[in-house]
Amino acid sequence: MFDPAQVLTRLRARGAALARRGWGRRIAVVAKRAEDIVDLNHTGLVVATVFFALSVTPSLLPRDWLFQGLISGVNAALGYGAGCVLQWLFRTWIRPRLTIGSPPEWVRYVLKVAVVLTCALVAAYMLVLSADWQREITGLMDMEGTTRAAYLRTGGLSVAVGALVVAVFRTLRELVRFIARQLSRWVRVPPKLAPATGVLLLTILIVTLFNGVASRAFFAVANSAFSVRNNQTTQFAVQPTLPERSGSPQSLAKWETLGFEGRWFVSHGPDPMLISAVTGKPARQPIRVYVGLQSAPPAPTEEDLAVAELQRTGAFDRKVLVITTTTGTGWVNSMSAAALEYMYGGDTAILASQYSYLPSVLSFLADRQKVAIAGRKMFDAVYRAWSARPPNARPKLLVYGESLGSQGSEAAFDGLADLRSKVDGALWVGPPNSNRLWQQFVSRRDPGTREVDPVYADGLVVRFAATAPDLDKPSPDWRRPRIAYLMHPSDPIVWWSPDLLFSQPDWLSEPRGSDVSPQMRWSPVVTFWQVAADLTNAQGVSDGHGHNYGSLVLDGWAAIAAPPDWTPELREKIRTQIELAEEYERVIK
C-alpha cells in the first residue's frame, strides 16, 4: 500500500546522504529550502496572497515593475502577519473546543503543498492581469505602457521585500521574548504576563524613539542636507540688475540669502520685449519679490521685509499683486507666474517667500503648521499695507498656492466670507486632502455631484476644474471675487488621506474620474498604501494628469482675473510661449 509519509521520510534520508557525500550538497540545500517553504504559516501565506493580489489592482497612477514590487512586498508582509495572528487565535481559542481529530501527516503535507502552489499560481495570474491594467492606465494618460513579461519581475521582488519585512518582525518578536525572560527572571513578573509586558515596553520604546529622538534626528539631518542644496546656485540663475527684482543690488533681500529656488525665480521670467512680442502690445518690467529664510535677520521679520520690498519696487502701484505661498523648499511654479505677467503686459507684482528647506512631502510630515503660520503672517502683513491705501489706488489682490502651498494660502482666511472680503480672486492648484477650506466646500457639495468634480452652491463663487471647460460649469453665472481649485481625478496629493485605511471615500464609491481606471477598488489598508505610494510618483506622469497641471494654470487665471482686453487668441499665444519656457526650464534646471 502506498504510504506518502514513508516516501517523504525516504526522500529526506536520501537528501541527507547526498549532503554527506559532498557532491549532492546543492540538491540537499534546494530540498531544504523547499521544505522550509512548505512549513510556512499557511494561513499567513493565504492572507499574504490576498493582500498581494489586492496591491497589484489599479491605483491612481501607473507603476513600473520595480515600484510595484516594493509596494506589493510590503502589503504581502502585512497580510502574512495578519494571517499568523488569525491562525494563533484559531489554535488558542477555537481548536481546543473542537472534537474533530487531526488528519494524517501525509494529508497535512499534501494540503500544504497545494496551498503553496495555489498561492503561487494566483499571484502569477494577478501579475498578468496587473500588466493589462497598467497598460489601461497609461493609455488613459497618453503614456507608453508596460509588457506582461517585464511586469512578472514584480513577483520576485515582492517575495524578497516581503521576506525582509517578515524577518524584521521576527527579530522584534525574539526581542520581545528576550525581554519577557528577563522580566520573569529579574522583576519576578508572572510568566503569563511577561510576554504582554514585553510587547508593551517595546512598543513604548519604539513609539518614543520615532516620535521623539528618531524623528527629530531624521528631520534634523534632512533639514541640514537640503539646506546644502538651498545654498547652491545653478549656472543658469544670474543675479538680476533691475530694481524690480529681489536680489538685485538695490534690493533689501540680498541675492545670496534667497535660496536655490528664490534665486531661480527672480533671475528668470519674461521681460517687456518678450511680452510685447507675444501680446503685440506695450509692456512693463514685471516685479518679482522673494524673501528667503536667510533674508531677514531677527528684526525685521520675513513679512516686514517682504512689505518693504513691495514698497521699494512700487508693487502697490501695479494692476495686479499676487501673494504666492510656495511649496516646501520655496519653489514657485514658473508657468503660473509667467502666465499672469503675459496676461497683464507685465503690469504685475508677484510675492513669494520661503518657509522651509525641506521638500513638501517632508515638510508636510515634519510640521505642516509651519506653512499655515507662514502663509497667514505673510498675507496679513501685505493686506495691512494694501488696505491702508485708497480703494482706487490699490492693485487687484490675488492669492495663489500649489500643493502644500495651497494649504498655507488657505490658512490666511477663516472662511469663505473672510476670503471674499479680502481678495479679488484665489487660485489653488492640487490641494492636499487635509486643506481646511477645500474639505468644507467638497463635503458640502450640491447633492448629486461627485467628489472628483463637485459643485458648491451652484458654482456661484467656488469652482473645481480638471480641464479648462470645467471652469465654465455649471453655468455662466460666476460671481466675483472668484475662487478656483484645479484638481485632477488622478492626483494622489488631492485624494490621499489616513481615512483610506478603514473607510471607502466617495471618489471610489462614485463613478470614477476620466483618467482613473474603472477597475480601481477600495480595500481596507491596501488602498491607503497604494495611494500613499502614488504620492512619490505624483509628477511622474504626462501633463493633465496626476499632479502635473501644466498650462491649465493659465486657464485658471483667465477664469478668475482676466484683463478687459482678453481674447481666446491671446490665450493660445501665451499658452504656446509658457509651455516652451517650461520645457526649456526642465532641461536646464
Side-chain angles (χ1 to χ4, degrees), residues 48-79 122-123 125-148 150-155 157-158 161-162 361 403 430 432-433 450-453 466 487-548:
T49 304
V50 172
F51 272 53
F52 173 84
L54 292 173
S55 73
V56 298
T57 57
S59 186
L60 289 173
L61 302 178
R63 300 173 182 163
D64 59 22
W65 70 271
L66 179 62
F67 194 66
Q68 183 67 69
L70 296 173
I71 303 307
S72 297
V74 173
N75 275 284
L78 293 174
V122 169
Y125 175 70
M126 290 302 298
L127 284 175
V128 172
L129 290 180
S130 182
D132 295 338
W133 288 328
Q134 292 299 317
R135 285 199 297 273
E136 177 191 33
I137 298 172
T138 52
L140 291 172
M141 298 185 179
D142 300 319
M143 299 171 61
E144 184 177 353
T146 185
T147 63
R148 288 182 176 178
Y151 215 71
L152 287 175
R153 292 176 289 182
T154 295
L157 180 59
S158 297
V161 173
V361 173
S403 192
N433 195 266
R450 298 184 302 171
E451 189 173 20
V452 293
D453 53 359
M487 57 188 210
H488 292 145
S490 58
D491 187 351
I493 290 177
V494 177
W495 307 115
W496 180 85
S497 167
D499 294 340
L500 286 172
L501 278 168
F502 302 112
S503 61
Q504 182 177 7
D506 290 344
W507 58 272
L508 277 176
S509 60
E510 299 165 346
R512 306 294 183 269
S514 58
D515 58 352
V516 176
S517 170
Q519 305 299 326
M520 185 178 181
R521 298 289 185 271
W522 176 82
S523 301
V525 180
V526 173
T527 301
F528 168 83
W529 288 114
Q530 282 185 310
V531 180
D534 287 337
L535 292 174
T536 63
N537 192 40
Q539 292 184 308
V541 293
S542 55
D543 285 348
H545 307 282
H547 200 59
N548 281 343

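Index from 1, following the sequence. These numbers come from a predicted model, not from an experiment.
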**Asked** For the atom pair CG (L535) and CH2 (W495), what is the distance rounded to the nearest 0.5 Å?
**Response** 13.5 Å

**Message:** Using every non-hydrogen atom in the two residues, find where E451 and E510 come nearest and quote the distance to one decimal.
**Reply:** N-OE1, 2.8 Å

**Message:** Looking at every non-hydrogen atom in both residues, tell me the closest pair between L500 and W522 and how far apart they are.
**Reply:** O-NE1, 3.0 Å

**Asked** Nearest 0.5 Å, what's the CZ-OG distance between R521 and S59?
**Response** 13.5 Å

**Request:** Could you check L78 against W529 for side chain to side chain contact (heavy atoms under 4.5 Å, CB included), going step by step and ending with a plain yes or no?
**Result:** CA-CA 11 Å; L78 293 174; W529 288 114; 3.6 Å; yes

**Message:** Please find the pair of heavy atoms, one from A533 and one from I71, that lie closest to each other, and give the distance.
**Reply:** CB-CD1, 3.2 Å

**Item:** side chain to side chain contact (heavy atoms under 4.5 Å, CB included) partner of V56, the single match among M126, Q530, R63, Q134
**Value:** M126

**Request:** May I have the step-by-step check of side chain to side chain contact (heavy atoms under 4.5 Å, CB included) for T57 and Q519, ending in yes or no?
**Result:** CA-CA 8 Å; T57 57; Q519 305 299 326; over 6 Å; no

**Message:** For M141 versus D515, what's the shortest heavy-atom pair and its separation?
**Reply:** CE-O, 3.7 Å

**Prompt:** Looking only at atom types and distance, does a side-chain atom of S490 sit under 3.5 Å from a main-chain N or O of L60, one as donor and one as acceptor?
**Reply:** no

**Message:** Can you confirm whether L61 sits close enough to P492 that some side-chain heavy atom of one is under 4.5 Å from a side-chain heavy atom of the other?
**Reply:** yes

**Prompt:** About how many Å separate OG1 of T536 and CZ of F67, when rounded to the nearest 0.5 Å?
**Reply:** 3.0 Å

**Complete:** Rounding to 0.5 Å, atoms CZ (F52) and CD (Q68) come to a distance of 7.5 Å

**Request:** Go through the steps for W507 and V494 under the test side chain to side chain contact (heavy atoms under 4.5 Å, CB included), then give the verdict.
**Result:** CA-CA 11 Å; W507 58 272; V494 177; over 6 Å; no

**Prompt:** Does one side chain, of D142 or S542, offer a donor that lies under 3.5 Å from an acceptor on the other?
**Reply:** no

**Asked** Under the 3.5 angstrom rule, does the side chain of H547 hit a backbone N or O of D491 as a donor-acceptor pair?
**Response** no

**Prompt:** Do you see a donor-acceptor pair shorter than 3.5 Å between the side chains of S509 and Q504?
**Reply:** no

**Request:** Could you pull out the closest heavy-atom pair between I137 and P58, with the gap in Å?
**Result:** CD1-CB, 3.9 Å

**Request:** Could you tell me which non-hydrogen atom of S497 sits nearest to which non-hydrogen atom of N433, and how far apart they are?
**Result:** CB-OD1, 3.5 Å

**Request:** Test L157 against W65 for side chain to side chain contact (heavy atoms under 4.5 Å, CB included), laying out the working first.
**Result:** CA-CA 9 Å; L157 180 59; W65 70 271; 4.2 Å; yes

**Asked** Just how far is it from atom CH2 of W133 to atom OG of S517, taken to the nearest 0.5 Å?
**Response** 8.5 Å

**Request:** Using side chain to side chain donor-acceptor pair (under 3.5 Å) as the criterion, list what pairs up with D543, not counting sequence neighbours.
**Result:** R586

**Prompt:** Roughly how far, to the nearest 0.5 Å, is the CG atom of D64 from the OG1 atom of T154?
**Reply:** 8.0 Å

**Prompt:** Does a side-chain heavy-atom distance below 4.5 Å link P511 with R450?
**Reply:** yes

